[in-house]
Amino acid sequence: MTNMLTHKLNSMLERSFPEQRVFLRSESETRYVRLTPLTQVFGFAGTTVLAGWLIIASAIVLMDSIGSGNLRDQASRDLALFESRVNELAAERDMRAAEATAAQERFNTALAQISTMQSELLSSEERVRELGKGITVVQATLRRTMKDRDAAREDAALLQAKLDGTDPDTQSINPEEIGNTVDVLSAALNNTAVERDTMVLLANLAEQNAETLQTDLRLMEEKNDRIFSQLEDAVVLSVEPLDKMFTAAGLSTKTLLNTVRSGLSGTGGPLTPIKFSTKGGVKDPDSLRANGIIEKMDRLNLYRIAAQKAPFALPIKNSFRYTSGFGPRWGRMHEGTDFAAAYGTPIYSTADGVVTFAGWSNGYGRLVKIQHEFGIETRYAHQSQLMVKVGQRVSRGQQIGAMGNSGRSTGTHLHYEVRVGGKAVNPMTYIKAANDVF
């Protein structure tokens, strides 16, 4: 049956593939190999398939090499661009930090100047008060002297009338006694006139000093107003970006400041509200403005402390690249951000906190968990080496481990998570919020 089928197939293919013979000649004999039409068809088909496979494989290899080269070039360009941007952000952060330090120094200097000027103002007020009291005394003395002068004039007129004989009582007055009395009254009148002139001169000098002090006081108030305005503008420019940073991170600034303030129960120091008035009554405008500035500086100081306690930093300081962000991935939720770098790259804590876990955790591999203030927790997974232990208190920027490939990982990288109240949030929210400020 098989031979008949083969024969029929050979007969059908005879026209297109006639039978061929290949002769093999040696020194002693000649042999040949008969190539039937069916054999030729199989050979031709095999050769065609092999040639097609070679062409397709070569094309695939060529396209793969071209695509890999483009991807590598693109990755290199992206990495260079990213490193350049990171360097720019770092330089800008350093510049902002320097500006904040300079603003703090300017504020301290201005506060010292305000204290000095306020002391001078209090001294001026005291001098004005003393001059006012002096003027009051001078005026009272002047009035008393004028009364004495008028009385002396009346006595002199009466004596003159007696001397002229117009007074009926002159007959009983001794002329010598009258002369002595006139001399005494003349001397008293001269002394009174001298005292009056001296008092008038002192009153004029006091009025001039009062006018000078009023002018100095007005100039000092204008200078204080300019200083207060500059300080208020500087404080507003320093506080507003921090307000935006914490708001962008999804944190309630009111709750955050209350939490930080509750941990700082001590009182006193340069940021304690001050009172310049010495009357014990309602605060003067300068006191209100100064206390307003001090309140904003206290807010700025609390923000500085809060920034150390919240994860507003990168966990890696060396060169790296982002390999996977926060969100759905492969049908599951990727609850962190992946940073790829060389094996053993140092990993740093992004905020002050306490280590609550340091060890092996299934898919995380070598894992470190740090509990921070405000109900925030950070996680650092797939490490090759752990450098902290449970219960240890760490600071922002302190090394806690090294990058590795432990756990469920396809390559060396750091899986970094931020959780608020136990719920995972996008770590880039905090990192970008800090980059916009620092």
Side-chain angles (χ1 to χ4, degrees), residues 71 75 78-79 82 86 248-251 259 307-435:
L71 289 175
D78 292 343
L79 180 59
F82 177 78
V86 168
L251 297 174
T259 302
Q308 291 289 329
K309 298 178 179 294
F312 287 109
L314 281 168
I316 300 174
K317 298 180 181 179
N318 294 29
S319 298
F320 66 90
R321 63 188 179 91
Y322 294 101
T323 55
S324 184
F326 180 87
R329 186 183 70 176
W330 302 334
R332 298 179 59 186
M333 185 65 181
H334 185 236
E335 297 181 333
T337 299
D338 292 343
F339 302 86
Y343 190 89
T345 298
I347 297 173
Y348 303 93
S349 173
T350 55
D352 299 347
V354 178
V355 178
T356 57
F357 182 87
W360 187 273
S361 177
N362 295 332
Y364 283 112
R366 292 184 181 87
L367 172 68
V368 171
K369 296 181 183 179
I370 301 177
Q371 184 65 44
H372 309 283
E373 296 287 345
F374 323 121
I376 301 175
E377 179 190 72
T378 54
R379 297 184 178 185
Y380 312 79
H382 307 308
Q383 299 189 51
S384 62
Q385 181 182 4
L386 303 180
M387 298 183 179
V388 291
K389 58 183 178 180
V390 175
Q392 180 177 345
R393 180 170 294 276
V394 295
S395 303
R396 178 182 180 180
Q398 179 178 341
Q399 185 175 357
I400 60 174
M403 187 178 295
N405 191 26
S406 58
R408 268 200 312 273
S409 172
T410 58
T412 300
H413 74 287
L414 166 67
H415 174 82
Y416 173 61
E417 289 186 16
V418 175
R419 292 176 176 265
V420 179
K423 182 180 179 181
V425 298
N426 191 351
M428 296 307 298
T429 301
Y430 288 83
I431 295 173
K432 289 181 179 179
N435 285 338

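We number each residue from 1, following the sequence as shown.
- Smallest separation of non-hydrogen atoms from T412 and A341: CG2-O, 3.6 Å.
- For the atom pair CE of M333 and CZ of F326, the computed distance is 3.5 Å after rounding to the nearest 0.5 Å.
- Taking all atoms of both residues into account, the shortest heavy-atom contact from V420 to Y430 is CG2-OH, 3.4 Å.
- Between Y348 and G397 the shortest heavy-atom distance is CD2-O, 3.3 Å.
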For a quick test of your reading: what N or O donor-acceptor pairs under 3.5 Å do the side chains of residues 380-388 make, sequence neighbours left out?
unit_1	atom_1	unit_2	atom_2	d
Y380	OH	T350	N	3.3
Y380	OH	T350	OG1	3.2
Y380	OH	T378	OG1	2.9
H382	ND1	Y364	O	3.3
H382	ND1	S406	O	2.7
Q383	OE1	A402	N	3.4
Q383	NE2	Y380	O	3.0
S384	OG	A402	O	3.4
S384	OG	M403	O	3.0

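- The line from CD of E335 to CG of N426 is 12.0 Å long, rounded to the nearest 0.5 Å.
- Atoms CZ and NE2, on R408 and H415 in that order, are 10.5 Å from each other to the nearest 0.5 Å.
- Partners of Y322 by ring-ring contact (aromatic ring centres under 6.0 Å, His included), not counting sequence neighbours, listed by chain and number: F82, F320, F339.
- Counting all heavy atoms, side chain and backbone alike, K389 lies closest to A358 at CA-CB, 4.2 Å.
- Partners of S409 according to the side-chain hydrogen bond (donor to acceptor under 3.5 Å, both in side chains) rule, which considers only residues two or more places apart in sequence or in another chain, are N405, H413.
- Judged purely by atom type and a 3.5 angstrom limit, Q371 uses its side chain to pair as donor or acceptor with the backbone of I376.
- Residue L367 comes nearest to S361 through the heavy atom pair CD2-CB, 3.9 Å, listed as atom of the first residue, atom of the second, then distance.
- Atom CD of residue Q398 and atom CD1 of residue I370 lie 8.0 Å apart, to the nearest 0.5 angstrom.
- N318 contributes atom CG, which lies 5.5 Å from atom OG1 of T345 (distance to the nearest 0.5 angstrom).
- Interatomic distance, OG of S349 versus CD of Q392, reported as 10.0 Å (0.5 Å rounding).
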